[in-house]
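Encoded as structure tokens, the structure appears first; notes follow it.
A note on names: the letters A, B, ... follow the listed sequences, proteins ahead of strands, and every chain is numbered from 1. What you see below is based on every heavy atom in this structure, not just the backbone, and it leaves out hydrogens, waters and symmetry mates.
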Number of protein chains: 4
Amino acid sequence: MGYSYILTLSCPNRPGLVAAIGQLLFELGYNITEAQQFDEPDSKQFFMRIVFSAAIGEATAPETALGALATRFAMKWTLHDTSIRPKVILLVSKFDHCLVDLLYRWRIGELVINPVGIISNHPADTYEHIDLHAIPFHYLPVTRETKAEQEARILELVDATGADLVVLARYMQILSNNMAAALSGRCINIHHSFLPGFKGARPYHQAFDRGVKLIGATAHFVTRDLDEGPIIEQDVERISHADAPDDLIRKGRDIERRVLARAVRYYVEQRVILNGNKTIIFMH
Amino acid sequence: MGYSYILTLSCPNRPGLVAAIGQLLFELGYNITEAQQFDEPDSKQFFMRIVFSAAIGEATAPETALGALATRFAMKWTLHDTSIRPKVILLVSKFDHCLVDLLYRWRIGELVINPVGIISNHPADTYEHIDLHAIPFHYLPVTRETKAEQEARILELVDATGADLVVLARYMQILSNNMAAALSGRCINIHHSFLPGFKGARPYHQAFDRGVKLIGATAHFVTRDLDEGPIIEQDVERISHADAPDDLIRKGRDIERRVLARAVRYYVEQRVILNGNKTIIFMH
Amino acid sequence: MGYSYILTLSCPNRPGLVAAIGQLLFELGYNITEAQQFDEPDSKQFFMRIVFSAAIGEATAPETALGALATRFAMKWTLHDTSIRPKVILLVSKFDHCLVDLLYRWRIGELVINPVGIISNHPADTYEHIDLHAIPFHYLPVTRETKAEQEARILELVDATGADLVVLARYMQILSNNMAAALSGRCINIHHSFLPGFKGARPYHQAFDRGVKLIGATAHFVTRDLDEGPIIEQDVERISHADAPDDLIRKGRDIERRVLARAVRYYVEQRVILNGNKTIIFMH
Amino acid sequence: MGYSYILTLSCPNRPGLVAAIGQLLFELGYNITEAQQFDEPDSKQFFMRIVFSAAIGEATAPETALGALATRFAMKWTLHDTSIRPKVILLVSKFDHCLVDLLYRWRIGELVINPVGIISNHPADTYEHIDLHAIPFHYLPVTRETKAEQEARILELVDATGADLVVLARYMQILSNNMAAALSGRCINIHHSFLPGFKGARPYHQAFDRGVKLIGATAHFVTRDLDEGPIIEQDVERISHADAPDDLIRKGRDIERRVLARAVRYYVEQRVILNGNKTIIFMH
């Protein structure tokens with residue numbers, strides 16, 4: 001066994017960049033086992049994800065050398081030790097299909113996360129049929145009057161647990177601008193998507209009224225503009241005139257849970273790099 | 001050989017309706033070879049498509065009896081003799097991928113239509129690489145000043161040919177309200193669709209800027225509100241951060257041509273029934 | 001409130017058939033709320049699914065009249081009272097993704113079944129993280145020597161519970177010919193599918209070795225020829241050269257659970273009619 | 001403007017490999033604009049595709065230096081000058097949907113190829129509705145007796161034109177082992193695929209008889225075992241019990257043409273690297 005890291009970086013593209021990174025990791029004693037890069041033609045910005053590893057005792061810790069390289073090339077970078085599971089807090093409301101799905105994928109080892117908390121605005125017995133394991137459950141009810149206070153409590157929990165990622169697993173509450181800003185870049189939401197898009201309440205009923213033939217879901221980073229953050233993943237299913245709103249909601253559940261699960265997996269596997277209001281997704 | 005008809009109808013749902021239709025066709029000497037129905041729970045409206053046939057000399061012409069039945073049940077109905085190919089006019093601009101595709105499907109017998117005219121705001125030599133067969137080609141250039149006149153000429157051609165259907169095969173001109181109204185229910189348009197939707201010019205560039213992960217196309221009936229008419233068919237393809245606007249346009253061409261071709265086929269096979277701002281599509 | 005039934009039938013196609021069924025239900029006092037039919041051109045066989053309902057006290061029980069009609073037209077038919085949930089037995093082995101998924105859909109009311117038993121060749125604590133509710137759990141280990149005996153015990157449970165449907169939710173045991181025959185037409189299995197197909201053990205590894213670009217799953221009725229029974233539903237997902245066998249297995253789980261769930265729903269909603277070695281699926 | 005190259009390579013994975021390639025291209029004066037790599041865990045084989053470019057006069061021709069590097073790392077490699085269009089020969093029979101589609105994509109600039117010949121076992125007037133432009137057309141009829149001779153003539157044309165790629169665009173003739181061997185690695189075929197697979201004649205009719213719910217197509221390199229060569233691309237569409245064999249054939253045409261077009265594009269963009277009986281496809 002040995003060390004294994006995932007490095008992600010973005011910086012202005014410059015000749016010699018790939019050579020410099022490759023050379024540095026080689027000299028430190030690492031072997032590159034996976035690498036993906038993207039050169040954005042317009043902005044001349046360069047994005048890269050590299051997985052590298054070494055046998056214990058045969059390589060030098062990479063942080064210092066990477067820091068120097070990053071300074072030289074004006075890189076934004078993150079380094080992730082793959083032996084450490086990202087800490088995740090799940091926010092949920094009454095609908096539990098995404099929660100159940102994420103916990104299942106975690107339990108069987110598909111989603112390599114460390115769930116450090118579940119927060120709901122509904123009491124624990126809402127989830128009595130779900131094995132929450134030893135994950136701390138926090139019942140934080142919210143009203144218009146207590147919203148600021150409740151959000152402050154959520155942020156305290158995020159801080160106290162050191163959560164790397166907050167997942168809005170059908171949380172159904174609109175985050176305040178302050179809250180959205182505080183979680184910027186580390187909070188993923190799932191919401192319905194349609195062709196054309198619909199604003200406002202009861203979107204599946206709106207889609208039904210419009211007679212669309214496809215419904216979908218979008219997983220995205222949370223920003224101040226709630227449903228407009230950088231998109232991570234989307235998917236759709238076909239519907240017909242014979243599908244009632246309840247059928248749309250049923251199909252929507254299936255799309256939502258798989259789209260959110262993929263987005264969370266991309267995030268914890270360090271496959272997502274922010275590029276302004278867009279994302280680079282280094283899927284294999 | 002014999003007669004074969006497709007009947008489509010819509011009316012308020014009433015007990016005895018299916019029995020009455022079945023009984024009438026039986027008494028007239030026809031055999032039902034295909035039937036699809038849809039009962040809309042909310043509006044209590046009933047929709048049906050029936051294919052029926054008989055050997056020559058063994059059945060009575062159905063129009064009169066159906067007319068009486070239609071009166072009794074307050075039906076809107078259409079009766080299509082399957083030996084008659086629907087007459088179709090194709091409107092096209094510079095981009096010819098939908099035109100080429102529709103003509104190909106017609107030539108090999110997949111799309112059973114009678115193309116009675118091609119109208120373009122570009123001259124005939126724009127399409128020099130396409131075998132237009134003996135289909136009359138009409139070059140009708142248009143400017144802001146001549147738009148009313150040009151549209152009047154198009155409507156004259158629609159009338160003169162007795163066209164059942166006008167297909168905007170990437171026509172790229174916005175129809176006037178009058179024109180849209182005149183073609184209501186018999187004019188199909190294809191346009192790009194995205195999650196979320198984008199208004200205005202250069203939609204593929206907007207989608208690129210937004211970083212969507214799926215792009216799509218929608219075929220719909222033309223109404224006054226150009227891109228908001230009843231939807232007939234939609235489809236999508238997956239894209240990634242590495243797809244440039246040109247890649248989106250390339251993938252868009254593939255989606256557009258297959259979505260439009262399906263919509264036209266559904267229409268000519270009498271599979272589409274209007275239901276307010278929605279469609280019933282009796283696919284098999 | 002009132003009565004609601006689903007009638008499915010198949011018989012040789014004859015003029016007057018639809019009229020006779022419609023007339024009979026009308027006379028009995030029922031309203032047809034959904035109807036789908038299919039006329040197979042080659043065999044001249046007719047298939048139909050009809051949902052009909054009446055207010056209590058306003059209609060006659062339909063069994064006797066339908067029986068007479070069935071005799072007249074040589075129909076095979078089933079009549080399902082929609083107030084009665086089909087009884088289902090789930091067979092499962094070590095992999096529990098389909099079990100978890102089916103139980104979840106049942107719990108939230110999406111899958112309207114009555115689960116009367118779970119049978120596994122693994123002990124109950126294998127499923128300690130799953131809320132099995134009050135569903136009787138039967139641990140029936142099996143070896144080559146005890147297979148006949150174990151299968152007899154399964155069939156006893158099917159008989160004793162009056163199960164309408166047996167679902168092999170990744171059961172992983174090959175049923176004997178006798179067992180398969182005994183459950184014919186009321187047992188659904190899920191298995192992996194690939195382009196091209198692979199026989200034998202470790203199919204995902206075979207697919208990996210072959211370099212396929214799509215993997216899939218098939219839900220089908222069990223027959224003596226294990227993986228060759230009438231197909232109910234299939235779906236696929238895209239894979240790439242970078243997907244290791246474990247990635248294929250992960251994606252396979254997602255496909256398997258949704259394909260099996262759809263097949264079970266079609267079955268319990270009486271949407272599946274057997275047609276020799278094929279199925280008619282009356283989806284809406 | 002300047003030079004632009006695509007380098008593809010495969011070799012045993014070794015530390016320092018990426019660094020060495022990056023360093024060399026940097027020293028030669030090139031900028032890497034696209035790079036994708038894949039490290040196969042089992043075989044420890046390394047695969048890479050690199051796009052690099054330089055302004056004219058600012059870089060050294062890369063062949064010699066790359067040759068030396070290739071020797072050092074035991075690389076198989078190809079270098080493609082992007083200003084040179086790959087020469088392609090199209091083989092076709094009676095069904096022309098793939099031919100029409102490929103020629104259209106070439107005409108509008110989507111498929112950057114140089115079509116140096118069309119070979120058919122049917123005479124030129126079979127394609128009278130298609131603008132073959134100035135592409136040389138070769139009518140090479142074939143019978144059991146003349147097969148060896150006809151194939152020899154095809155290979156002569158491949159040699160004489162210097163074709164980089166031979167596309168069997170629904171050619172419908174089984175190549176001899178010798179012919180397949182002679183074209184190994186540079187000949188792409190399209191054929192139907194189903195779940196499960198079917199051997200022998202009239203596969204769409206077999207699929208219909210089996211009652212599959214999905215049909216598909218596979219584009220693959222030709223090898224001696226005709227339909228078993230390395231897979232490049234696959235896709236499927238959904239069918240139902242109501243689809244007759246003719247509907248399957250119609251849907252099959254759509255799948256075949258888009259799958260083949262993608263495979264050809266991947267090939268001409270140097271995105272395909274052979275890995276034994278599998279392919280690495282560096283899609284973006």
Quiz item: Counting N and O atoms only, with roles assigned by atom type, does the side chain of A:His241 sit under 3.5 Å from a partner on the main chain of B:Thr279, one being a donor and the other an acceptor?
Solution: no
Quiz item: For the side chain of A:Lys213 and the backbone of B:Asp235, is there at least one donor-acceptor N/O pair under 3.5 Å apart?
Solution: no
Self-check item: Leading residue by heavy atom contact count with chain A [cutoff under 4.5 Å; candidates B:Ala244, B:Ala242, B:Pro41]
Solution: B:Ala242
Quiz item: Do other residues, nucleotides or ligands put more than 12 heavy atoms under 6.0 Å from B:Phe95 CZ?
Solution: no
Quiz item: Could you give the distance from CD1 (B:Ile215) to CD (A:Gln234), rounded to the nearest 0.5 Å?
Solution: 11.0 Å
Self-check item: Side chain / backbone / both / neither for B:Asp39 at chain A, heavy atoms under 4.5 Å
Solution: neither
Self-check item: Shortest non-hydrogen contact between B:Val236 and A:Val236, atoms and distance
Solution: CG2-CG2, 3.5 Å
Self-check item: Residue selection (most heavy-atom pairs with chain B, distance under 4.5 Å) from A:Asp42, A:Asn275, A:Asp209
Solution: A:Asp209
